[in-house]
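We count ligands from 1, going down the list as the structure has it; atoms in each ligand are counted the same way. Please read all numbers here as calculations on a predicted model, not as lab measurements.
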Amino acid sequence: MPTLAENMATLDRHLARFKQTGILNRINGADHPGSAGTFQTTTPVDKSVICEVAHGTATDIDAAAAAAHDAFAAWRDMPAAQRRKILLAIADGIEARAEEIALCECWDTGQTLRFMSKAALRGAENFRYFADQVIQARDGQHLKSPTLMNVTTRVPIGPVGVITPWNTPFMLSTWKIAPALAAGCTVVHKPAEASPLTARLLVEIAEEAGLPKGVLNTVNGFGDEAGKALCEHPKIKAIAFVGESRTGSQIVKQGADTHKRNHLELGGKNPVIVFDDADLDRALDAVIFMIYSINGERCTSSSRLLIQDTIRAEFEAKLIERVNKIKVGHPLDPATEIGPLVTEEHFNKVTSYFDIAKAEGATVAAGGVATGDAGYFVRPTLFTHADNTMRIAREEIFGPVLTSIPFSTEEEALSMANDTDYGLTGYIWTNDLTRALRFSDALEAGMIWVNSENVRHLPTPFGGVKASGIGRDGGDWSFEFYMEQKLIGFATGSHKITRLGV
Ligand code: NAD
């Protein structure tokens with residue numbers, strides 16, 4: 001495994017061209033500067049400027065939407081086998097440049113190489129998986145009635161907008177863009193302003209793989225300008241959005257006048273419930289992994305630990321010991337487990353909860369401090385002696401911060417688990433099968449794992465309920481979003497047609 005110094009040297013080689021040209025918008029297969037000039041992207045590792053980025057606005061979105069609109073018919077009508085080949089070539093291209101993607105992602109977002117090298121490869125898997133669904137994506141049903149042969153078919157909805165956040169941006173973008181392209185849609189992608197690097201790599205890889213110009217367009221810029229314009233654009237038929245719950249509401253409002261279809265993947269305050277009959281060693285590993293991996297900047301993170309009071313003291317003691325040993329450091333150091341938080345704004349938000357916890361009467365049992373002398377680093381943090389009414393139990397902190405809350409009965413655990421605005425994931429640890437069935441049946445969440453951490457399997461549905469979102473990704477669910485159902489009824493004979501005005 002390369003050392004930190006070797007990784008930095010490789011990264012410098014990859015960044016050289018960004019430093020020279022900046023990141024331009026990519027519209028209709030060509031580079032374009034932003035209509036409002038540029039903004040800068042910085043690294044949270046040492047706060048230095050990485051490069052200038054095209055500052056796109058409604059003007060750039062309009063050009064990209066026009067390109068996506070013009071490219072749509074040919075992409076939709078391209079034989080499925082040919083589209084499949086291109087998607088597979090994109091997967092190959094991602095694999096070939098996985099190291100570059102991972103290094104750039106780490107430098108841009110503060111994520112650690114340990115996790116981002118896998119995330120880059122998962123981006124390739126997303127393309128490979130949806131490439132294999134292309135052939136049957138448009139298949140429909142035959143629903144015969146007494147007078148009609150009813151046939152359904154699915155058609156791609158048209159040009160779509162994809163708006164992505166800064167947490168694992170490459171992987172999340174492929175999660176949206178791969179099924180959209182497989183369905184036959186064209187795409188305008190607006191990546192998060194805090195993490196533009198890998199979106200640029202993706203569009204380059206796609207074009208090198210043979211994706212026709214205009215099928216994938218990338219416009220950089222801010223949410224209230226470029227993002228808003230994308231939602232409002234009449235040529236864009238749907239918005240696939242990943243981000244905060246508050247922004248999700250804005251997405252819906254902005255798209256109302258043009259009747260946008262929206263898919264919203266939003267925030268979470270996900271519970272992990274540990275009963276005293278569980279395999280506590282495995283539960284401990286999973287609890288730690290699901291909040292402290294990926295810097296805790298993860299929508300599915302289990303940020304509320306509901307722990308049975310009979311095992312609370314022992315479990316929390318082991319937790320504290322392990323949390324204090326987690327290695328915070330440079331994201332390109334292969335030993336690092338937690339890197340810096342993505343931006344100053346986010347660092348300020350996460351660290352503000354250290355005082356909020358104390359003011360609310362909780363105990364800061366581990367962490368609760370910033371660390372390092374240059375970037376936005378924090379120690380992994382554990383709050384104990386908390387209850388479910390506190391802000392640290394209700395608000396999405398989106399950092400390596402866990403709130404531990406005791407319960408005594410299953411009923412109490414369920415009531416607290418569901419007493420939240422959110423409903424993305426839930427994790428249940430028990431060896432009582434009936435309880436696991438009963439509990440998962442009543443838990444308000446889009447995705448639940450029993451005796452497991454979150455293990456993504458692409459054919460399964462991904463998404464949340466309540467303030468965590470609307471709609472599902474994965475398998476055929478993705479195609480339901482990017483495609484329209486169409487019914488065609490063929491008369492099978494001369495059935496009676498009601499006659500008027502005779
Ligand atoms: P954010 O909502 O601030 O931004 C996400 C994207 O939306 C960015 O590209 C931003 O520019 C854009 N945007 C902002 N305002 C907009 C507007 N008015 N119109 C159109 N676009 C706009 O989110 P973030 O801080 O970048 O990401 C973190 C959030 O994402 C967390 O809440 C996290 O839980 C959530 N998330 C959810 C999932 C999921 O699958 N449910 C996955 C990853 C992240």
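- His346 and Trp166 have their aromatic ring centers within a separation under 6.0 angstrom.
- Nearest protein heavy-atom contact of atom 23 (O) of ligand 1 is Glu244 N, 3.4 Å.
- Protein heavy atom in closest approach to atom 9 (O) of ligand 1: Thr164 O, 2.8 Å.
- Residue Ala192 approaches ligand 1 through these ligand atoms, each under 4.0 Å from one of its heavy atoms: 8 (C), 9 (O).
- Residue Thr247 places at least one N or O, backbone or side chain, under 3.5 Å from an N or O of ligand 1.
- Aromatic pair Tyr353/Phe383: centroids not less than 6.0 angstrom apart.
- Ligand 1 has no N or O atom lying under 3.5 Å from any N or O atom of Ser468, backbone or side chain.
- Side-chain atoms of Thr198 and Asp108 form no donor-acceptor pair, as typed in the model, at a separation below 3.5 Å.
- Of all the heavy atoms of Ile163, the ones lying under 4.0 Å from any atom of ligand 1 belong exclusively to the side chain.
- In Arg246, neither the side chain nor the backbone holds a heavy atom less than 4.0 Å from any atom of ligand 1.
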| task | Mind running salt bridge (charged side-chain N to carboxylate O under 4.0 Å, His left out) on Glu204 and Arg17 for me, showing each step along the way? | result | CA-CA 14 Å; Glu204 282 175 6; Arg17 60 140 189 169; 2.7 Å; yes
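- For the residue pair Thr300 and Thr425, no side-chain donor N or O sits within less than 3.5 Å of a side-chain acceptor on the partner.
- With ligand atoms numbered from 1 in the order given, ligand 1 contributes 19 (N), 20 (C), 21 (N) to contacts under 4.0 Å with heavy atoms of Gly227.
- Partners of Asp285 under the side-chain hydrogen bond (donor to acceptor under 3.5 Å, both in side chains) rule, at least two apart in sequence or in another chain, are Arg322.
- Residue contacts with ligand 1: Glu396 is placed with a nitrogen or oxygen under 3.5 Å of a nitrogen or oxygen of the ligand (distance criterion only).
- With Thr43 contributing its side chain and Trp107 its backbone, the two residues share a donor-acceptor pair below 3.5 Å.
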| message | Glu208 vs Arg97, test: salt bridge (charged side-chain N to carboxylate O under 4.0 Å, His left out). Steps then yes/no. | response | CA-CA 12 Å; Glu208 278 161 19; Arg97 289 172 72 176; 3.5 Å; yes
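- Near Val242, meaning under 4.0 Å from any of its heavy atoms, are these atoms of ligand 1: 5 (C), 36 (N), 37 (C), 38 (C), 42 (C), 43 (C), 44 (C).
- Remark: minimum distance from atom 27 (O) of ligand 1 to any protein heavy atom is reached at Pro165 CB, 3.2 Å.
- Residue, atom and distance of the protein heavy atom nearest to atom 18 (N) of ligand 1 are Gln254 OE1, 2.9 Å.
- At under 3.5 Å, not a single nitrogen or oxygen of Leu172, backbone or side chain, sits near a nitrogen or oxygen of ligand 1.
- Looking from atom 40 (O) of ligand 1 to the surrounding protein, the closest heavy atom is Glu265 OE1, 3.0 Å.
- A distance of 7.0 Å separates CZ in Arg456 from CG in Asp473, rounded to the nearest 0.5 Å.
- Closest of all the heavy-atom pairs between Gly426 and Leu443 is CA-CD2, 4.0 Å.
- Within ligand 1, the atoms closer than 4.0 Å to a non-hydrogen atom of Phe462 are 40 (O), numbered from 1 in the order shown.
- The nearest heavy-atom contact from the protein to atom 44 (C) of ligand 1 is Asn167 OD1, 3.2 Å.
- No option in Phe462, Trp175, Phe481 other than Phe481 meets the ring-ring contact (aromatic ring centres under 6.0 Å, His included) test with His263.
- Atom numbering of ligand 1 starts at 1 in the shown order; those under 4.0 Å from a heavy atom of Gly223 are 11 (O), 12 (C), 13 (N), 14 (C), 15 (N), 16 (C), 17 (C), 18 (N), 19 (N), 20 (C), 21 (N), 22 (C).
- A donor-acceptor pair is defined here as one N or O able to donate and one able to accept, closer than 3.5 Å; no such pair exists between the side chain of Lys235 and the backbone of Asp70.
- Asn220 and Arg200 share no donor-acceptor pair across their side chains, judged by distance under 3.5 Å alone.
- Salt-bridge check for Lys237 with Glu484: failed, with every basic side-chain N at 4.0 Å or more from each acidic carboxylate O.
- Using a 4.0 Å cut-off to heavy atoms of Ile251, the atoms of ligand 1 that qualify are 19 (N), 20 (C), 21 (N).
- Among protein heavy atoms, atom 37 (C) of ligand 1 sits closest to Leu266 O, 2.9 Å.
- Every atom of ligand 1 with a heavy atom of Leu424 under 4.0 Å away is listed here by number and element: 41 (N).
- Scanning all protein heavy atoms for the shortest distance to atom 7 (O) of ligand 1 gives Phe241 CE1, 3.2 Å.
- In the candidate list Gly268, Pro169, Cys299, Gly243, Gly243 is nearest to atom 35 (C) of ligand 1, counting heavy atoms.
- Within ligand 1, the atoms closer than 4.0 Å to a non-hydrogen atom of Lys190 are 8 (C), 9 (O), 10 (C), 11 (O), numbered from 1 in the order shown.
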